[in-house]
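Report on the structure given below.
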Amino acid sequence: TYNIMIRGLCANGDLQNSLVLFNEMEKSGCLRNVITYNTIIGGYCKTGKVDEAVELLKLMQVRNLEPSVVTYNAIINGLCREGRMKETSEILEEMRGKGLKPDEVTYNTLVNGYCREGNFYQALVLHSEMLRNGLSPDVVTYTSLINSMCKTGNLHRAMEFFDQLRARGLYPNDRTYTTLIVGFSQQGLMNEAYKLFNEMISDGFPPSIVTYNALINGHCAVGRMEDALCLTQEMEQRKLVPDVVTYSIIISGFCRNSELERAFCVKQQ
RNA sequence: UCUUAAUCUCUU
């Protein structure tokens with residue numbers, strides 16, 4: 001019961017109250033387990049408080065609770081998000097010292113961390129290390145690699161990874177398609193973006209608000225505001241409600257076009 | 001009940 005409540009609060013970004021419950025467990029004699037700690041550690045890691053997470057990692061051991069692979073994965077993710085890639089080696093070492101083997105999530109987290117840092121070489125090293133250790137890169141691994149290629153403008157290589165993913169018998173999902181649509185849209189290559197958009201739909205993945213925002217952004221980037229507005233209509237037909245990102249994209253688009261009147265109008269909306 | 005991938009912000 002407590003774990004579920006703590007999870008809900010963490011998911012809402014309310015670490016404060018999740019800690020209240022965490023402390024309350026102590027008083028009410030309800031024993032915390034590894035999952036309780038992992039949930040709070042994950043909460044810290046997602047809000048840029050890795051150091052606090054590491055404190056909890058130590059504290060749980062004082063209480064005779066052994067950290068699991070999930071515990072370490074959460075910490076590694078926290079470090080990756082903060083750009084503290086160097087420190088991940090120490091954590092990996094500690095984890096191995098306890099006889100815990102890095103799993104797919106560990107590798108995916110590291111691959112993504114190195115990608116974000118722009119260290120694509122190291123990301124690929126881990127990708128192959130994964131294979132060597134008998135772990136299979138999955139759709140998450142590939143989506144990170146594809147994203148990295150898109151962010152650096154290597155759309156050709158992004159598509160190569162997309163092909164490689166399918167050649168391995170894996171299936172792209174809505175996030176994979178959206179990642180590519182973002183990449184093409186950012187370069188203003190709208191024909192390619194729409195091609196993927198249609199492929200996504202025929203593959204059975206309904207476009208999400210993120211997918212639409214990416215396309216809208218693409219139209220705005222090339223100054224086609226009417227097309228952008230048209231898409232907001234279309235998304236509403238799909239029962240998707242424009243969010244703050246949608247509005248920000250359109251406002252920036254009008255500003256860039258020196259159409260301040262219209263920008264203010266959208267802000268008002 | 002816990003861990004990994006996707007969208008906006010001139011300049012950076």
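Just so we're on the same page: letters track the sequence lines, and every chain starts at 1. Because only heavy atoms are used, hydrogens play no part in the values below, and waters and symmetry mates are left out as well, while side chains stay in.
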Exercise for review: Under 4.0 Å between any heavy atoms, over every strand shown, what does A:D138 touch: base, sugar-phosphate, or nothing? Just pick one.
Suggested key: nothing
Measure the distance from [atom1] on [X] to [atom2] on [N] and round it to the nearest whole Å.
X: A:L170; N: B:rA5; atom1: CG; atom2: P; value: 18 Å
X: A:I76; N: B:rA5; atom1: CD1; atom2: C1'; value: 16 Å
X: A:M95; N: B:rU3; atom1: CE; atom2: C1'; value: 10 Å
X: A:N73; N: B:rA5; atom1: CG; atom2: P; value: 11 Å
X: A:L145; N: B:rA6; atom1: CG; atom2: C1'; value: 14 Å
X: A:L126; N: B:rA5; atom1: CG; atom2: C1'; value: 15 Å
X: A:L165; N: B:rA5; atom1: CG; atom2: P; value: 17 Å

Practice item. Record whether the side chain of A:D174 comes under 3.5 Å of the base of B:rA6 through a donor-acceptor pair of N or O atoms. Key: no
Check your understanding: Can any side-chain N or O of A:N154 pair as donor or acceptor with the backbone N or O of A:H156 at less than 3.5 Å?
Key -> no
Review point. Between A:N12 and A:D14, is there a donor-acceptor pair closer than 3.5 Å when you use the side chain of the first and the backbone of the second?
Key: no
Study note, to complete from the structure: Residue pairs passing the salt bridge (Lys or Arg N to Asp or Glu O under 4.0 Å) test with at least one member in residues 170-199 of chain A, sequence neighbours excluded, are A:R166-A:E199
Practice item. Kindly indicate, with the supporting measurements, whether the criterion ring pair (Phe, Tyr, Trp, His ring centres under 6.0 Å) is fulfilled by A:H127 and A:Y114. Key: CA-CA 11 Å; A:H127 175 256; A:Y114 283 115; over 10 Å; no
Practice item. Determine whether more than 12 heavy atoms belonging to other residues, nucleotides or ligands lie under 6.0 Å from atom CG of A:N191. Key: no
Point to revise | Crowding at CE, A:M85 (>12 non-hydrogen neighbours, <6.0 Å) | key: yes
**Study point:** Salt bridge flag under 4.0 Å for residues A:R262 and A:E226
**Key:** yes
Study note, to complete from the structure: Here the side chain to side chain donor-acceptor pair (under 3.5 Å) pairs for residues 52-68 of chain A, sequence neighbours left out, are A:E26-A:R63, A:N38-A:S68, A:Q61-A:K98, A:S68-A:T71
Study note, to complete from the structure: Of B:rA6, B:rU3, B:rA5, the nucleotide closest to the side chain of A:S144 is B:rA5
Please list, for nucleotides 7-9 of chain B, all pairs of protein and nucleotide N/O atoms separated by less than 3.5 Å.
| unit_1 | atom_1 | unit_2 | atom_2 | d |
| --- | --- | --- | --- | --- |
| B:rU7 | OP1 | A:K151 | NZ | 2.8 |
| B:rU7 | O2 | A:N213 | ND2 | 2.8 |
| B:rC8 | OP1 | A:Q186 | NE2 | 2.7 |
| B:rC8 | O2 | A:S248 | OG | 3.3 |

Check your understanding: How far apart are the C-alpha atoms of A:R84 and A:E87, what are their side-chain angles, what is the distance that settles it, and do they pass the salt bridge (charged side-chain N to carboxylate O under 4.0 Å, His left out) test?
Key -> CA-CA 6 Å; A:R84 293 162 62 175; A:E87 295 165 68; 2.8 Å; yes
Point to revise | Summary of ring pair (Phe, Tyr, Trp, His ring centres under 6.0 Å) pairs that have at least one residue in residues 243-269 of chain A, sequence neighbours excluded | key: none
Practice item. Scan residues 103-119 of chain A against RNA chain B and write down, sorted by residue number, each residue with any heavy atom closer than 4.0 Å; if none is found, say none. Key: A:V105, A:N108, A:T109, A:N112
Exercise for review: Mind listing the residues from residues 3-33 of chain A sitting with a heavy atom below 4.0 Å of RNA chain B? Number order is fine.
Suggested key: A:N3, A:I4, A:R7
Exercise for review: May I ask you to decide if the ring planes of A:H219 and A:Y194 are parallel, tilted or perpendicular, using 30° and 60° as cut-offs?
Suggested key: tilted
